[in-house]
Amino acid sequence: METKTIFGFLLFLYYGLGAYITYRFIKKIATKPLHILQLEGYDNEEYKTWLDNNPEAKFGKIKESIQEKTPLVMTPRATRLYTKYMQTNAVILVILLGLSALFYHKIIWILLFPILLYLLYRTQFLVIIVANTIALPKEKKINHGFYVQAQEKIKSYPNLQVVGITGSFGKTSTKFITNTILSEKLKVQNTPSSYNTPMGLSKVINNDLDETKEVFIAELGAKVPGEIKEVADLVQPTIGVITAIGPTHMHLFKTIENIKKTKYELIEALPETGIAIFNYDNEHVKELADKAKIHKLLYGMEDVEKLDIYADNFTIGANGSTFRLHLPGKSPVICETKLLGKHNISNLLAAASIAHVLGMEPIEIANGIRKVEPVEHRLNLIKGPTGVLVIDDAFNSNPIGARAALEVLNTFKGGKKIIITPGMVELGDIEEEENYKLGKEIAKVCDYCILVGPKRTEPIQRGLKEVGYPEQSLFIAKSLQEATEISGHLTKAGDIILIENDLPDTYNEV
């Protein structure tokens with residue numbers, strides 16, 4: 001065999017083996033970018049925002065292990081995307097091999113080929129964007145089929161009352177509270193967790209809703225204008241509730257006005273005979289309520305002379321609250337709840353308003369309120385085996401919710417008060433300022449502050465230092481696990497820990 005032939009054979013073996021080894025390495029780490037994309041709802045723009053917050057993922061550092069508080073779930077869509085993603089990598093490798101066939105004998109290509117393979121491996125957090133873009137038309141077609149099927153099913157139940165609940169925050173808690181209260185008298189179909197997208201709701205409607213149900217409770221979520229309309233057109237609500245409006249997803253909405261306009265899409269989707277329910281204590285919701293022409297009910301705890309449904313004589317403590325509930329044309333009733341914080345009374349009032357519209361009596365509503373359990377990761381109290389109390393408020397935080405959580409923490413007496421937090425995210429241009437303010441608020445309440453993520457929490461650190469918070473009381477951790485270990489050395493029976501927001505470690509570190 002001629003030397004040239006042997007040399008050519010070895011080169012092609014070199015190229016082929018390099019491509020194969022690269023593909024195998026990519027397959028080993030492929031679930032990491034897929035996991036992040038799933039956490040971001042398969043939304044390329046949301047995913048790109050994550051990349052902006054984690055620039056090392058674009059062209060370099062990929063850890064072999066990432067703590068996963070929300071594990072990757074290989075749903076049918078995730079499986080399809082994984083296949084498309086690996087196919088995309090295979091196509092890129094085939095192109096590189098094709099170029100190798102043309103330039104196999106060139107010294108520059110022999111040297112460049114392994115560099116290109118290495119770059120392909122290191123840019124997998126970018127390659128998946130290409131795969132997701134390619135897969136999107138098919139996914140839209142699949143989703144549209146489920147959407148139309150669910151829409152037609154709702155239409156086939158003319159006597160079904162559909163309650164649509166939206167807001168910047170409070171909507172998931174209000175949904176679960178409403179389910180508990182309405183179940184005192186009615187047959188209710190609720191949705192799990194934070195199911196608030198067209199596909200999440202379509203799945204529940206298609207798989208679980210049946211003709212025996214009298215009420216369907218639909219939480220409506222949105223990250224951009226137009227999405228509430230899309231979900232409302234799906235579920236066709238007869239009752240619409242706006243719980244609160246504030247600066248959430250500001251990196252996408254940009255302005256509060258855009259948020260208000262988007263949430264109002266629910267009210268615009270109601271039929272002429274529909275009923276709109278507004279939290280009149282929230283200044284932004286109040287503006288929407290004032291312009292609404294449809295039949296409406298206003299609830300709250302302030303300016304009671306303007307309200308249809310309100311609470312007064314409330315007592316808020318470390319073990320829950322009591323208040324007097326006023327409903328139109330009914331005698332007031334005393335209510336007791338295990339839920340913590342004044343803002344949870346607001347959520348209870350939203351649910352009571354829905355129950356009133358659906359014909360429930362005050363005593364039935366009060367009985368339902370007594371049975372309401374705290375929603376997971378939303379200010380629920382956990383008693384640890386060592387006697388330390390944990391207030392779990394780990395769901396995504398916002399400025400109003402964070403202040404409310406600190407107010408709850410401040411109601412506890414006796415023990416040391418400790419906060420564990422990575423701060424707030426998805427606040428756009430106001431994120432740094434709001435986290436800086438959060439630092440100042442923490443200083444007023446907490447004996448110890450444990451921040452998760454050295455870089456991310458810099459604004460909180462500045463706020464703490466500006467008001468003279470003791471350095472020895474401030475700890476910086478790289479993960480929730482490390483923060484928990486630190487708190488273990490600081491606490492004893494009777495102390496209280498507030499876990500305020502709990503970002504996946506994938507958000508702070510790649």
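Counting only N and O atoms by type, the side chains of N89 and Q124 include a donor and acceptor under 3.5 Å apart. Neither side chain, Y436 nor E432, offers a donor N or O lying under 3.5 Å from an acceptor on the other. Between the side chains of E219 and T172, at least one donor-acceptor pair of N or O atoms lies under 3.5 Å. Residues N347 and N344 bring a donor and an acceptor atom of their side chains to less than 3.5 Å of each other. A donor-acceptor pair shorter than 3.5 Å can be found between the side chains of T133 and N44.
Taking the six-membered ring for Trp and the full ring otherwise, the centers of Y15 and Y104 sit at least 6.0 Å from each other.
By the 4.5 Å heavy-atom criterion applied to side chains, T491 and T386 are not counted as neighbours. Using a 4.5 Å heavy-atom cutoff, the side chains of I450 and S487 are in contact. Inter-residue side-chain proximity for K171 and N196 is flagged as met; some heavy-atom pair is nearer than 4.5 Å. In this structure, L34 and L81 have side chains that are in contact, with non-hydrogen atoms separated by less than 4.5 Å. In this structure, the side chains of D52 and Y47 stay at 4.5 Å or more apart for every pair of heavy atoms. A 4.5 Å side-chain heavy-atom check between V388 and I497 finds at least one atom pair inside the cut-off. At a threshold of 4.5 Å between non-hydrogen side-chain atoms, the residues F169 and T248 count as touching. A heavy-atom distance below 4.5 Å is found between the side chains of I154 and L209.
In this structure, K28 satisfies the cation-pi test against F25, with its NZ or CZ atom closer than 6.0 Å to the six-membered ring centre and inside 45 degrees of the ring normal. Judged by the 6.0 Å distance and 45° axis criteria, K260 is not positioned over the aromatic ring of F253.
Under a cut-off of 6.0 angstrom, the local environment of NZ in K261 is sparse, with at most 12 non-hydrogen atoms contributed by other residues, nucleotides or ligands. Heavy-atom contacts from other residues, nucleotides or ligands closer than 6.0 Å to CD of E376 number 12 or fewer. Around the CG atom of D447, the shell of radius 6.0 Å holds more than 12 heavy atoms that belong to other residues, nucleotides or ligands. Counted within 6.0 Å of OH on Y157, heavy atoms from surrounding residues, nucleotides or ligands total more than 12; the atom is thus considered enclosed. Around NZ of K455, the count of heavy atoms belonging to other residues, nucleotides or ligands within 6.0 Å does not exceed 12. Within 6.0 Å of atom NZ in K416, more than 12 heavy atoms from other residues, nucleotides or ligands are found, so the atom counts as buried in its surroundings.
One N or O on the side chain of N380 and one on the backbone of H377 form a donor-acceptor pair closer than 3.5 Å. Of the possible polar contacts, none joining the N258 side chain to the K254 backbone as a donor-acceptor pair under 3.5 Å is found. A donor-acceptor contact shorter than 3.5 Å is absent between the side chain of S473 and the backbone of Y448. Side chain of N206 to backbone of F146: a donor-acceptor contact under 3.5 angstrom is found. With hydrogens and angles disregarded, a donor-acceptor distance shorter than 3.5 Å links the side chain of E227 to the backbone of K223. Not one N or O on the side chain of T457 forms a donor-acceptor pair closer than 3.5 Å with the backbone of P422. Distance alone, capped at 3.5 Å, is enough to place a donor-acceptor pair between the N282 side chain and the I245 backbone. Under the 3.5 Å distance criterion, the side-chain polar atoms of D393 are matched with a main-chain donor or acceptor of L379. For the pair E434 (side chain) and I430 (backbone), a donor-acceptor distance under 3.5 Å is absent. For D233 (side chain) and E230 (main-chain N/O), no donor-acceptor pair under 3.5 Å exists by modelled atom type.
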Open item on the list: Does Q151 form a side chain to side chain contact (heavy atoms under 4.5 Å, CB included) with Q236? I'd like the steps, not just the answer.
Closed with: CA-CA 8 Å; Q151 196 175 48; Q236 304 149 67; 3.5 Å; yes

Task: Stepwise side chain to side chain contact (heavy atoms under 4.5 Å, CB included) test for F113 and F103 - done: CA-CA 10 Å; F113 186 71; F103 307 113; over 6 Å; no

Task: Check against side chain to side chain contact (heavy atoms under 4.5 Å, CB included), L381 and L389 - done: CA-CA 7 Å; L381 188 63; L389 299 176; 4.2 Å; yes

Open item on the list: Assess the residue pair Y469 and K465 against the criterion (side chain to side chain contact (heavy atoms under 4.5 Å, CB included)); give the C-alpha distance rounded to whole Å, side-chain angles, the decisive distance to 0.1 Å, and a yes or no.
Closed with: CA-CA 5 Å; Y469 194 73; K465 289 175 182 176; over 6 Å; no

TODO: List the steps, then state whether salt bridge (charged side-chain N to carboxylate O under 4.0 Å, His left out) holds for E441 with R403.
DONE: CA-CA 7 Å; E441 294 299 319; R403 286 196 295 272; over 6 Å; no

Open item on the list: As a quick check of understanding, evaluate side chain to side chain donor-acceptor pair (under 3.5 Å) for Y264 and E268, giving each step before the final call.
Closed with: CA-CA 6 Å; Y264 197 69; E268 293 172 328; over 6 Å; no

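Atom CG in L117 sits 13.0 Å away from atom OH in Y121 (nearest 0.5 Å). Between T421 atom OG1 and R456 atom CZ the span is 10.5 Å, to the nearest 0.5 Å. Here the straight-line distance linking atom NZ of K84 with atom CD1 of I134 works out to 6.5 Å at 0.5 Å rounding. Interatomic distance, K175 NZ to Y195 OH, rounded to the nearest 0.5 Å: 9.5 Å. Considering CD1 of I496 and CD1 of I418, their distance stands at 8.5 Å, rounded to 0.5 Å. Taken to the nearest 0.5 Å, the OG1 atom of T31 stands 12.5 Å off from the CG atom of L37.
Here the rule is side-chain contact (heavy atoms from CB on, under 4.5 Å) with F216, and of V163, I205, D208 only I205 fits it.
Taking every heavy atom of both residues into account, N279 and T243 meet most closely at ND2-O, 2.7 Å. Taking each heavy atom of L464 and G439 in turn, the nearest pair found is CD2-O, 3.2 Å. What you find for K229 and E265 is that their closest heavy atoms are N-OE1, 2.8 Å. Considering every non-hydrogen atom in both G240 and I267, the closest pair reads O-CD1, 4.3 Å. Between I259 and P247, the shortest heavy-atom distance links the atoms CD1-CA, 4.5 Å. When all heavy atoms of I442 and I419 are compared, the pair lying nearest together is CG2-CG2, 3.7 Å.
Under the 4.0 Å criterion applied to side-chain N and carboxylate O atoms, K440 and E466 are assigned as salt-bridge partners.
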